[in-house]
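Keep in mind that the numbers below use all heavy atoms, side chains included, and drop hydrogens, waters and symmetry copies. Sequential numbering from 1 along the given sequence is applied to the chain's residues. Predicted, not measured: the structure shown is a model, and the values here were computed from it.
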Amino acid sequence: MSASTYIYRDFADNGTGLITCSFWVKRAELGRVQTILCPTLQSETRFGILQFDVNDRLRFTDEVASVQMQYVTNRVFRDTSNWYHILININVPLSTASDRQQIWVNGVRETSFSTSTNYPTAETCAWTSNPQFRISRGTASNNNEAFSGILSELFVIQGYALTPSTFTETDATTGELKAKSPTGLVYSSNGTNSFYMKFENSSNMDLDSGGNSTTWTTSGNLTQTQDCPSDVFATWNANLRPNS
């Protein structure tokens, strides 16, 4: 995606406080705030954010007038040559506060954070209570923070807090993590709020291939690429500099 392109759709409030977002991402630019997902009220008084921050860390938040939940990794994500599988899940009703919000990268749960503010008990979840879901765009105050890179296999499943084993598996020959076709996903447990985007149909890049077949709006131009988690193209590493 380029900095001027984003995808959005209006949804209904499902109010469950449970959601899973799973996707593969390949970065193209470093050192700039880039929003990947943002569910928000159109008044933007309540919103969630999943983004790379200016230091290339993952930032996962939920804000209602003030920050209700915020996790920022210590780990940085500066590899522009390979794909990352990222999964976030939310289960606000859980009794253990640190389990209510989770970040998983390449099948491993992140446990080291520079910031870790847990959801309060019974807090309304902005990720499941907002009518507009945005991909590669944040709120109006940070709409210049679009994601730059490639997204693939984006699942958003509302009403369930799932783990990476639903969406990925380890290749028996190479030992590498790879995408798999999930089975048993329930798209209709909360109306039409869940979706699945492959980003592989060049004539309909924002096609929802999930059970709800939701219709999305794209602002800008999505460009198809054959580079995908199962066929990784060679990419220049922005961290490398030639000798002068």
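At least one side-chain heavy atom of Thr166 sits under 4.5 Å from a side-chain heavy atom of Leu185. Annotation: side chain of Ile36 is not in contact with side chain of Gln51 (no heavy-atom distance under 4.5 Å). Between Asn89 and Leu162, the closest side-chain pair of non-hydrogen atoms is not below 4.5 Å. At least one side-chain heavy atom of Ile19 sits under 4.5 Å from a side-chain heavy atom of Val156. Taking the side chain as every heavy atom from C-beta outward, Trp24 and Leu177 approach each other to under 4.5 Å. The shortest distance between side-chain heavy atoms of Met69 and Thr117 does not fall below 4.5 Å. Under the 4.5 Å side-chain criterion, counting only non-hydrogen atoms from C-beta, Leu58 is in contact with Phe52. The shortest distance between side-chain heavy atoms of Thr73 and Phe113 falls below 4.5 Å.
Judged by distance alone, the side chain of Arg137 and the main-chain N or O of Tyr6 form no donor-acceptor pair under 3.5 Å. A donor-acceptor pair under 3.5 Å links the side-chain atoms of Ser136 to the main chain of Phe147, judged by distance alone. Under a 3.5 Å cut-off, the side chain of Glu29 and the backbone N or O of Arg27 do not form any donor-acceptor pair. Side-chain atoms of Glu145 never come within 3.5 Å of backbone atoms of Val33 as a donor-acceptor pair (strictly under, hydrogens ignored). Panel note: side chain Arg9, backbone Thr214; no donor-acceptor pair is recorded below 3.5 Å. In terms of modelled atom types and a separation under 3.5 Å, the side chain of Gln101 and the main chain of Ala97 share a donor-acceptor contact. Arg59 places no side-chain N or O within donor-acceptor distance of the main-chain N or O of Thr35, the cut-off being under 3.5 Å. Side chain of Asn212 to backbone of Tyr187: a donor-acceptor contact under 3.5 angstrom is found. The backbone N or O of Leu207 sits nowhere less than 3.5 Å from a side-chain atom of Lys198 that would complete a donor-acceptor pair.
In plain terms, the two heavy atoms of Pro39 and Phe133 that are nearest each other are CB-CD1, 3.8 Å. Heavy-atom minimum distance, Asp56 versus Gly31: OD1-N, 2.9 Å. The shortest non-hydrogen separation linking Cys125 to Gly17 is CB-CA, 3.8 Å. In this structure, Gln132 and Asp10 approach most closely via the heavy-atom pair NE2-OD1, 2.9 Å. Of all heavy-atom pairs spanning Lys26 and Ser81, the tightest one is CE-O, 3.5 Å. When all heavy atoms of Gly149 and Ala28 are compared, the closest pair comes out as CA-CB, 3.8 Å.
The line from CD1 of Ile135 to CG of Leu37 is 6.5 Å long, rounded to the nearest 0.5 Å. Rounded to the nearest 0.5 angstrom, Glu153 CD and Phe23 CZ are separated by 12.5 Å. With rounding to the nearest 0.5 angstrom, the OG1 atom of Thr170 is 10.5 Å from the CG atom of Asn106. Taking CZ of Phe167 as the start and OH of Tyr196 as the end, the distance is 10.0 Å to the nearest 0.5 Å. The distance from atom CG of Asn91 to atom CG of Leu18, rounded to the nearest 0.5 Å, is 4.0 Å. Of the inter-residue distances, the one linking Ser165 atom OG with Lys180 atom NZ reads 6.0 Å to the nearest 0.5 angstrom.
In terms of hydrophobic clustering, with Ile, Leu, Val, Met, Phe, Trp and Tyr side chains grouped at heavy-atom distances under 4.5 Å, Val64 and Val67 are assigned to different clusters. Taken together through direct or relayed side-chain contacts under 4.5 Å among Ile, Leu, Val, Met, Phe, Trp and Tyr, Tyr71 and Val105 form part of one hydrophobic cluster. Under the 4.5 Å side-chain heavy-atom criterion for grouping Ile, Leu, Val, Met, Phe, Trp and Tyr, Tyr84 is connected to Phe199 within one hydrophobic cluster. Hydrophobic clustering places Trp216 together with Leu154 (ILVMFWY residues linked when any side-chain heavy atoms are closer than 4.5 Å, directly or through intermediates). Note on Phe155: it clusters hydrophobically with Tyr160, by side-chain heavy-atom contacts below 4.5 Å among ILVMFWY residues.
Ring centroids of Phe60 and Trp127 are separated by less than 6.0 Å, placing the two rings close together. Taking the six-membered ring wherever Trp is involved, the centroid distance between the rings of Phe77 and Trp83 does not fall below 6.0 Å.
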Take Met197 and Ile7 through the test side chain to side chain contact (heavy atoms under 4.5 Å, CB included) and record every step on the way to the result.
CA-CA 11 Å; Met197 288 184 175; Ile7 307 169; 4.2 Å; yes

Where do Arg100 and Thr121 land on the side chain to side chain contact (heavy atoms under 4.5 Å, CB included) test, with the steps shown first?
CA-CA 9 Å; Arg100 294 172 189 157; Thr121 303; 3.4 Å; yes

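For the residue pair Ser114/Arg57, the side-chain donor-acceptor check at 3.5 Å is satisfied.
Ion pair Arg134/Glu44 flagged as a salt bridge, since at least one NZ, NE, NH1 or NH2 atom sits closer than 4.0 Å to an Asp/Glu carboxylate oxygen.
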